[in-house]
Amino acid sequence: MAASAPTPHATGFPAEGRCGYYVAKKKRFCRMVAAAGRRFCGEHAGAAEEENARKRILCPLDPKHTVYEDQLAKHLRKCNSREKPKPDFFIQDINAGLKDETEIPEQLVPISSLPEEQLEILIKKLKKASEGLNSTLKDQIMSHPALHDALNDPNNGDSATKHLKQQASILGNIEKLKLLGPRRCFVEFGAGKGKLSHWVDIALKDAEEVHFILVEKVPTRFKVSDHGHTLCPDGLALPRRPEVDGKHRKKNSVFQRLQIDIQHLCLNRIPVLSRERLPVVGIGKHLCGAATDLALRCLVETYGARREEGNEEPSAKRIKNNKADKDLGAAAEVGGEGHVAEEWSPVAGIVVALCCHHRFLPAEEKERLGRLCKLLIDQGRLEYLQRRGFRAALQRYADPGVSLENVLLTALPAQAPPADATA
């Protein structure tokens with residue numbers, strides 16, 4: 001049987017002798033006959049000529065796409081690149097940290113672009129700085145019954161199994177630290193699809209007054225779907241409020257999604273936290289280097305620090321952002337009378353699986369120096385948390401065959417009982 005000729009729709013061209021005008025509403029070309037020597041039928045000749053005469057220009061908000069010049073004003077009102085109203089929990093650079101303008105160059109350059117001589121000097125400094133640091137990590141590879149069925153699903157591929165093993169170990173470590181319980185808020189930084197929060201919620205079963213805040217700076221498709229969770233009472237109708245994760249509906253759990261860069265996130269202004277003053281557990285899986293440090297500041301300094309006189313960093317060392325400081329002071333007082341002086345632990349714990357720290361060099365040298373970089377950076381994170389009143393630790397939570405990025409950072413308030421203490 002002879003193969004049939006391709007249809008006009010399949011080739012993207014009108015049928016021979018037919019009108020060349022594409023009817024967008026019908027998603028096909030016009031089927032009217034065009035006069036000999038003409039491209040369009042009488043009905044569409046004028047419209048096509050008028051459209052071809054219209055000028056397209058680059059969108060001033062995003063030059064990656066164009067728009068008809070005579071429709072520019074209308075386009076600017078609905079363009080996805082337009083500046084949107086900032087939510088209440090947005091405070092510019094609030095978690096950006098200290099900045100000494102005399103030491104940080106105006107323009108940072110990637111290490112790969114450094115001349116060989118400068119790179120050698122940098123490597124020598126790295127080796128010297130890492131001398132004496134303990135590079136031996138305790139194995140803390142765990143699991144949790146909440147993932148038992150998922151781990152034993154025969155339909156899992158290799159990648160899915162590795163992710164499930166990591167999530168199970170993180171969940172096991174969270175439980176060992178006695179952070180699974182009622183009346184608290186889990187904040188997942190770099191949440192993506194929200195899988196880690198999903199499993200924490202499964203493990204909590206029917207624990208009461210549990211909230212989840214999923215922080216991600218870009219829109220995420222294919223979020224974890226579990227129709228057993230509850231919509232947040234704050235709603236999603238108002239653009240200045242957190243977005244509800246409608247995929248999660250469960251009687252005692254409330255999920256919210258925040259599309260925001262961690263650098264600008266003020267947890268004190270999240271309604272449920274300012275209203276209920278819930279202890280926060282910060283969690284994350286493979287949170288990249290910079291995002292990890294932003295998350296630690298967001299938890300320990302912005303949300304957890306006592307904003308009393310004498311407790312601030314010297315103003316000369318802080319980023320010049322008076323508005324952020326004033327807004328933070330106001331946010332710390334939200335909650336009404338009787339809350340400011342109340343003794344409570346704002347950050348109940350931190351459990352974050354660390355991720356990439358470096359990009360350098362040939363593979364073997366990159367691995368060797370990369371481990372030194374990670375050791376130095378992670379040691380700095382431990383000391384930072386210790387100075388802020390936490391007992392912090394690093395451990396391996398997965399085999400290298402499951403993930404090469406297998407280091408878990410955990411922290412508990414210094415006054416909290418040790419994780420292995422009997423109840």
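Bear in mind that the values here come from a model prediction, so they are computed numbers and not experimental data. For the single chain, residues carry numbers from 1 onward in sequence order.
Residues I94 and L265 approach most closely at CG2-O, 3.6 Å, considering heavy atoms. The two atoms that bring L180 and A203 nearest to each other are CD1-CB, 4.2 Å, heavy atoms only. Of all heavy-atom pairs spanning I262 and A291, the tightest one is CD1-O, 4.0 Å. Of all heavy-atom pairs spanning P413 and A348, the tightest one is CD-O, 3.1 Å.
Residues E175 and H144 form a side-chain contact, since some pair of their non-hydrogen atoms from C-beta on lies under 4.5 Å apart. Using a 4.5 Å heavy-atom threshold, the side chains of I91 and H264 count as separate. Side-chain atoms of S197 and L214, non-hydrogen and from C-beta on, do get closer than 4.5 Å to each other. Side-chain contact between I121 and K124: absent, with no pair of heavy atoms (C-beta onward) separated by less than 4.5 Å. Counting only heavy atoms from C-beta outward, the side chains of N406 and L354 never approach each other to under 4.5 Å. Counting heavy atoms from C-beta outward, V352 and I350 have side chains that approach closer than 4.5 Å. Residues E131 and K127 form no side-chain contact, since every pair of their non-hydrogen atoms from C-beta on lies 4.5 Å or further apart. Between I170 and V351, some side-chain heavy-atom pair lies under the 4.5 Å cut-off.
Between Y21 and H44, the angle of the ring planes stays under 30°, which puts this pair in the parallel group of the 30/60° scheme. Ring geometry for F212 against F186 counts as parallel: the plane angle stays under 30°, on a 0 to 90° scale with 60° as the upper cut.
Atom CZ of residue F255 and atom NE2 of residue H198 lie 8.5 Å apart, to the nearest 0.5 angstrom.
Remark: D70 pairs with R54 by the salt bridge (charged side-chain N to carboxylate O under 4.0 Å, His left out) rule, at least two apart or across chains. Residues passing the salt bridge (charged side-chain N to carboxylate O under 4.0 Å, His left out) test with K217: none are found, sequence neighbours excluded. When the salt bridge (charged side-chain N to carboxylate O under 4.0 Å, His left out) test is applied to D149, no partner is found at least two apart in sequence or on another chain.
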- Query: Where do C298 and F189 land on the side chain to side chain contact (heavy atoms under 4.5 Å, CB included) test, with the steps shown first?
  - Reply: CA-CA 10 Å; C298 179; F189 294 94; 4.1 Å; yes
- Message: Could you walk me through whether E216 and I260 satisfy the side chain to side chain contact (heavy atoms under 4.5 Å, CB included) test, starting with their C-alpha distance in whole Å, then the side-chain angles of each, then the deciding distance to 0.1 Å, before giving a yes or no?
- Response: CA-CA 6 Å; E216 181 59 64; I260 187 173; over 6 Å; no
- Task: Apply salt bridge (charged side-chain N to carboxylate O under 4.0 Å, His left out) to K374 and E405, showing your working.
- Result: CA-CA 10 Å; K374 292 181 180 185; E405 300 292 350; 2.9 Å; yes
- Message: Run L382 and D378 through side chain to side chain contact (heavy atoms under 4.5 Å, CB included) and show every step you take.
- Response: CA-CA 6 Å; L382 290 181; D378 292 339; 5.8 Å; no
- From CA spacing to verdict: side chain to side chain contact (heavy atoms under 4.5 Å, CB included), V272, V254: CA-CA 10 Å; V272 66; V254 180; over 6 Å; no
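Considering K165, Q166, Q140 as possible partners of Y397, the one that fulfils the side-chain hydrogen bond (donor to acceptor under 3.5 Å, both in side chains) test is Q166.
Under 4.0 Å is where a charged nitrogen must lie from a carboxylate oxygen, and between R396 and D139 at least one such pair does. A salt bridge does not link K285 with E188: every distance from a Lys NZ or Arg NE/NH1/NH2 to an Asp or Glu carboxylate oxygen is 4.0 Å or more. Under a 4.0 Å N-O distance rule, the pair R297/D293 does not qualify as a salt bridge.
Of the N and O atoms on the side chains of Y384 and Q379, not one donor lies less than 3.5 Å from an acceptor on the other residue. Defined by atom type and a distance below 3.5 Å, a donor-acceptor pair is present between the side-chain atoms of T302 and N95.
At most 12 non-hydrogen atoms from other residues, nucleotides or ligands lie less than 6.0 angstrom from CG of N80.
A centroid separation of less than 6.0 Å is found between the aromatic rings of H75 and H65.
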